[in-house]
Amino acid sequence: MESTDLYIVRQRFFIGAYQALVGQNLPDPSSEDYTPILFYKARAHIAVGDTKTVKSLIPNDTENVALKAVAVGDAALEELRDLCVEIEGDDVEATVQEKGWVRVVAGTAFARANEIEEALETLGAESTTKNLEAVAIAVQIYLSIHRPDLARKEFERAKQWAEDDLLLQLIESSIGLVTGKDGYSDAQDFYTEQISTPSLLSPHLLTARGVTRLLCGEVQEAKSDLEEAISLLGGKDDAETLAASVVAAGLGPKKGDAEELWSRLSSAYPDHPLVTAVNSKTVEFDDLAIKFKVPPLAIPTAT
């Protein structure tokens, strides 16, 4: 049974409260919680874009395969592939949980590199795997490629063996957010419940509820969530909060605000999915406009 400290760390990581984990002290190296908390703390640093600190957190001579995977990072896919092969060996010194962590880190990196099939295979998608973190990542991948049906299958399989904990609820709410099931009620109820827990409150969580409220047509309430998220970020909006703010402003009366926010988003985060999608549609429109031939003006004739 995991300790209270580790339970809170896992909950914070799953819900996106990365800054809270970044600032959290590590337990004594002799503690059983040391390695798992270090694992999540290092991943939190990566999530906020602070990869340099990860190298100082994890000892260079570590023999722990999960910590090795985090230290390798997204850039060294071949090393992650080697670690995935290593954990399948009979002589590897790693727990089942640590092997699962390696698959989660590697699968996430493969997905970011657009190696979708390899990512899903590494995560054990469509198999009997009982790694709920791997299932959660696989669900996100399926949703990102517009296959909510396969995401739902992963969720239904997980329900047969997983406890009804935060991560399972998060998976369900993510699917509901994409499919619009029950008017987004699952997602909105989930985010509202978590926001009411002070230890889990994070900009990520507020932005997620803000997006849900936008989908429900609650524009002013969404703007309030996004403004609070920016406040927690110290006045600096991240990519997701800024993208949601663009949409919220576009639904309001002041179109100039939307244009200003769009300019900031496209400049600061040119690879954000919203930016790339809009740019792609702009190119398609321009191509079609060039090919379009205006028909001659119809001149009525006397009968």
Side-chain angles (χ1 to χ4, degrees), residues 1-113 115 118-119 122-124 129 131-138 140-141 166-167 199-200 202-204 233 238-239:
M1 185 176 180
E2 67 182 9
S3 67
T4 301
D5 288 343
L6 179 54
Y7 175 81
I8 293 174
V9 164
R10 290 176 63 253
Q11 302 293 81
R12 283 177 171 171
F13 183 82
F14 296 151
I15 213 66
Y18 303 125
Q19 289 294 347
L21 290 183
V22 165
Q24 180 164 332
N25 294 325
L26 288 167
D28 187 273
S30 63
S31 168
E32 291 184 357
D33 286 346
Y34 177 76
T35 295
I37 289 180
L38 174 56
F39 174 75
Y40 286 109
K41 181 180 175 71
R43 290 174 70 195
H45 276 281
I46 293 173
V48 298
D50 180 17
T51 56
K52 291 183 178 179
T53 302
V54 175
K55 297 186 182 299
S56 63
L57 279 174
I58 299 176
N60 292 329
D61 59 351
T62 183
E63 293 298 320
N64 186 284
V65 289
L67 296 182
K68 282 183 180 179
V70 176
V72 164
D74 290 359
L77 298 186
E78 284 304 321
E79 291 185 50
L80 289 173
R81 291 185 179 105
D82 291 342
L83 284 172
C84 288
V85 172
E86 181 181 339
I87 62 174
E88 296 300 327
D90 296 331
D91 56 345
V92 64
E93 294 184 5
T95 65
V96 172
Q97 184 180 56
E98 289 167 346
K99 292 179 181 179
W101 285 341
V102 171
R103 295 188 184 96
V104 166
V105 172
T108 302
F110 297 151
R112 286 176 175 169
E115 300 289 346
E118 185 175 16
T122 301
L123 294 166
T129 181
N131 181 345
L132 194 56
E133 280 195 63
V135 172
I137 301 298
Q140 292 299 324
I141 293 172
L166 179 76
L167 188 51
S199 63
L200 296 180
S202 70
H204 176 81
L233 287 165
D238 60 9

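Ring pair F13/Y18 is perpendicular by interplanar angle, where above 60° counts as perpendicular and below 30° as parallel.
Rounding to the nearest 0.5 Å places CZ of R10 at 12.0 Å from CG of L21. Interatomic distance, CD of Q19 versus NE2 of H204, reported as 13.5 Å (0.5 Å rounding). For the atom pair CG of L80 and NZ of K68, the computed distance is 12.5 Å after rounding to the nearest 0.5 Å. In this structure, CD1 in I58 is found 11.0 Å from OG1 in T53, a value given to the nearest 0.5 Å. With rounding to the nearest 0.5 angstrom, the CD atom of E2 is 8.0 Å from the CD atom of Q97.
Residues satisfying the side-chain contact (heavy atoms from CB on, under 4.5 Å) test with A136, not counting sequence neighbours, are L167, I171. Scored by the side-chain contact (heavy atoms from CB on, under 4.5 Å) test, T122 finds C84, R103, A106, F110, E118 as partners (sequence neighbours excluded). In terms of the ring-ring contact (aromatic ring centres under 6.0 Å, His included) criterion, F14 has no residue partners (sequence neighbours excluded).
With K41 contributing its side chain and Q24 its backbone, the two residues share a donor-acceptor pair below 3.5 Å. Of the possible donor and acceptor atoms, none in the side chain of R43 sits under 3.5 Å from a partner among the backbone N and O of V70.
Summarising the geometry of L77 relative to A113, their closest heavy-atom pair is CD1-CB, 3.7 Å, with the distance given to 0.1 Å. When all heavy atoms of P36 and W101 are compared, the closest pair comes out as CB-CH2, 3.4 Å. Between V104 and A134, the closest heavy-atom pair is CG2-N, 3.7 Å. The two atoms that bring V54 and A42 nearest to each other are CG2-O, 3.5 Å, heavy atoms only. The two atoms that bring A94 and V65 nearest to each other are CB-CG2, 3.7 Å, heavy atoms only. Of all heavy-atom pairs spanning A17 and S202, the tightest one is CA-CB, 3.6 Å.
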Could you go through the side-chain hydrogen bond (donor to acceptor under 3.5 Å, both in side chains) check for T129 and N131 one step at a time? CA-CA 6 Å; T129 181; N131 181 345; 5.2 Å; no
Taking it one step at a time, do L57 and L26 satisfy side-chain contact (heavy atoms from CB on, under 4.5 Å)?
CA-CA 10 Å; L57 279 174; L26 288 167; 4.2 Å; yes
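A 4.5 Å side-chain heavy-atom check between I141 and L123 finds at least one atom pair inside the cut-off. At a threshold of 4.5 Å between non-hydrogen side-chain atoms, the residues T4 and I8 count as touching. A 4.5 Å side-chain heavy-atom check between V92 and K99 finds at least one atom pair inside the cut-off. Counting heavy atoms from C-beta outward, T51 and H45 have side chains that stay 4.5 Å or more apart.
Residue L38 forms a side-chain contact (heavy atoms from CB on, under 4.5 Å) with just one option from T62, N64, L67, and that option is L67.
Under a cut-off of 6.0 angstrom, the local environment of CG in N60 is sparse, with at most 12 non-hydrogen atoms contributed by other residues, nucleotides or ligands. Heavy-atom neighbours of Y34 OH from other residues, nucleotides or ligands within 6.0 Å: above the threshold of 12.
No side-chain N or O of S31 forms a donor-acceptor pair with one of D33 less than 3.5 Å apart.
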